[in-house]
Student: 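I'd like to ask you about the structure that follows.
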There are 2 protein chains.
Amino acid sequence: MARTQGSHSGITGPRISDAALRLFAQHGYAAVSMRQIAREVGVQAGALYNYTPDKQSLLFRLMESHMTELLASWRDLPRDGGALSQLEAFTRFHIRFHMRRPDAVFIAYMELRNLSPDNFTSIESLRREYETALEMILKQGVSEGVFVVPDTKIATLAVIAMLNGVNTWYRSGGRLSLDEVETTYWEMVRRAMVS
Amino acid sequence: MARTQGSHSGITGPRISDAALRLFAQHGYAAVSMRQIAREVGVQAGALYNYTPDKQSLLFRLMESHMTELLASWRDLPRDGGALSQLEAFTRFHIRFHMRRPDAVFIAYMELRNLSPDNFTSIESLRREYETALEMILKQGVSEGVFVVPDTKIATLAVIAMLNGVNTWYRSGGRLSLDEVETTYWEMVRRAMVS
DNA sequence: GTCTATAGACAGATAGAC
DNA sequence: GTCTATCTGTCTATAGAC
């Protein structure tokens, strides 16, 4: 684990991000020290500052790259059809994406309060962008007469909250496959929204 | 705010709990110092230790009393009828209880990882007890043929996750009354579970 | 029951050698 | 790019005066 001086591995940067992601998710940003992260990577604490100006930036970049990947993946997803098929696509996409990045998801929802005000604003706007994508689908479904939704804003947040819940219990290798989980949640979302 | 020596107010204990609850919810357990709590209360840090053996116990007691109150309130709620009316009672109870204690709810879900192993086990068992109350209702509804639920365990967690989502956006004085929020969520839960 | 003072550990971040 | 060493500050918790 411990690295010798000047090993110049060239992959220290990603290793720092990975270690920070895991440790922040497990113990919380405030409870993790730079020394702990360094120990995981196999360098001394001072070396971390070649890759990040401070601890706050480390957190911010983890959250920002997670949200950016989330938005880009959704944007790139081939999809068509009416609101119902769009909602199914969103539900399955969200579950799949989140189940594969449990640590990043956890941090993105739990560490908002540890962001500096500027960083918070920045992450919040990415999050709102994602929520808006779902709300547009719900609004379209309502205008098509396919969905029965008293309040699209609340329904948006309710659906996302429900889907995020998967991360509190799912462990890979459990009794359900990824596809079965997707389908189970999709059934609940569909019935909750469709008249 | 600052208190004079030996003021013996007799209400310092509750004031410590209140301050800790608010500060833990706002900044996170690990990010809040005993000195911060003391400053809020108007005493010096050392005085806190007349009321709690350590910071960890302070967190644990906040979470334990929240979960105990939650379970007792549900147990005492007068209710009857079939699974559908039980589910409505649970939904409305959960929303009402949680909206009135946003800080305690936030802590109960966010600070689990900052509990010592023994304390974690203890809180987890209270939480499971609450989840079981809902799952029993869902199972009853399935056997009555009223609910269509592929997996009562997942449905339980999905419903609770959805309902907890209310705490991420509701602020009292908003455009919706408590009763309207209850009804909006109940509509979604009902349609998600009922065939 | 609260104060002041402090022990002892550990935090984030930096400087300079290599 | 990483090391060692360290600055400066804060933390939890305790001791003893009042």
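Predicted, not measured: the structure shown is a model, and the values here were computed from it. To find a chain, count down the sequence lines: A is the first, B the second, and so on, and within it residues start at 1.
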Student: Both Ala47(A) and Ala30(B) contact DNA chain D. Taking the nearest nucleotide for each, which residue is further toward the 5' end?
Tutor: Ala47(A)
Student: If you draw a 6.0 Å radius around CG in Asp118(B), do more than 12 non-hydrogen atoms from other residues or ligands fall strictly inside?
Tutor: no
Student: In this structure, how many angstroms lie between the C1' atom of dA15(D) and the CD atom of Gln44(B), rounded?
Tutor: 16 Å
Student: Can you tell which of dG12(C), dT4(D), dC11(D) lies closest to the side chain of Ser33(B)?
Tutor: dC11(D)
Student: Measure CZ/Arg15(A) against P/dG1(D) and give the value in whole Å, please.
Tutor: 16 Å
Student: Taking the six-membered ring of Trp186(A) as reference, does the cationic atom of Arg191(A) (NZ for Lys, CZ for Arg) lie under 6.0 Å from its centre and within 45° of its axis?
Tutor: no
Student: Does Phe106(B) reach the side chain of Arg101(B), with side-chain heavy atoms less than 4.5 Å apart?
Tutor: no
Student: Measure from CG on Leu23(A) to P on dG12(C) and round the result to the nearest Å.
Tutor: 12 Å
Student: In whole angstrom, give the distance that lies between atom CE of Met34(B) and atom C1' of dG8(C).
Tutor: 17 Å
Student: Please tell me if Thr12(A) has a side-chain N or O lying less than 4.0 Å from either OP1 or OP2 of dT2(D).
Tutor: yes
Student: Kindly determine whether Arg113(A) and Glu111(B) satisfy salt bridge (charged side-chain N to carboxylate O under 4.0 Å, His left out), including the steps that lead there.
Tutor: CA-CA 13 Å; Arg113(A) 62 188 169 180; Glu111(B) 302 296 356; 3.0 Å; yes
Student: How long is the line joining CG of Leu48(B) and P of dA15(D), in whole Å?
Tutor: 17 Å
Student: Using atom CZ of Arg39(A) as one end and atom C1' of dT2(D) as the other, report the distance to the nearest whole Å.
Tutor: 17 Å
Student: Quick one, which residues of residues 49-57 of chain A touch DNA chain C with a heavy atom under 4.0 Å?
Tutor: Tyr49(A), Asp54(A), Lys55(A)
Student: Can you list, pair by pair, the side-chain donor-acceptor contacts under 3.5 Å of residues 16-27 of chain B, counting residues two or more places apart and other chains?
Tutor:
from: Arg22(B); atom 1: NH1; to: Glu40(B); atom 2: OE1; distance (Å): 2.9
from: Arg22(B); atom 1: NH2; to: Glu40(B); atom 2: OE1; distance (Å): 3.1

Student: Expressed in angstrom and rounded to an integer, what is the separation of Ile37(A) atom CD1 from dA11(C) atom P?
Tutor: 11 Å
Student: Does Arg92(B) come within less than 4.0 Å of Glu187(B), counting only side-chain N to carboxylate O?
Tutor: no
Student: Which residue, Gln36(A) or Gly46(A), contacts DNA chain C at a nucleotide closer to its 5' end, judged by nearest heavy atom?
Tutor: Gln36(A)
Student: Quiz question: by atom type and distance under 3.5 Å, do the side chains of Ser73(B) and Asp76(B) form a donor-acceptor pair?
Tutor: no
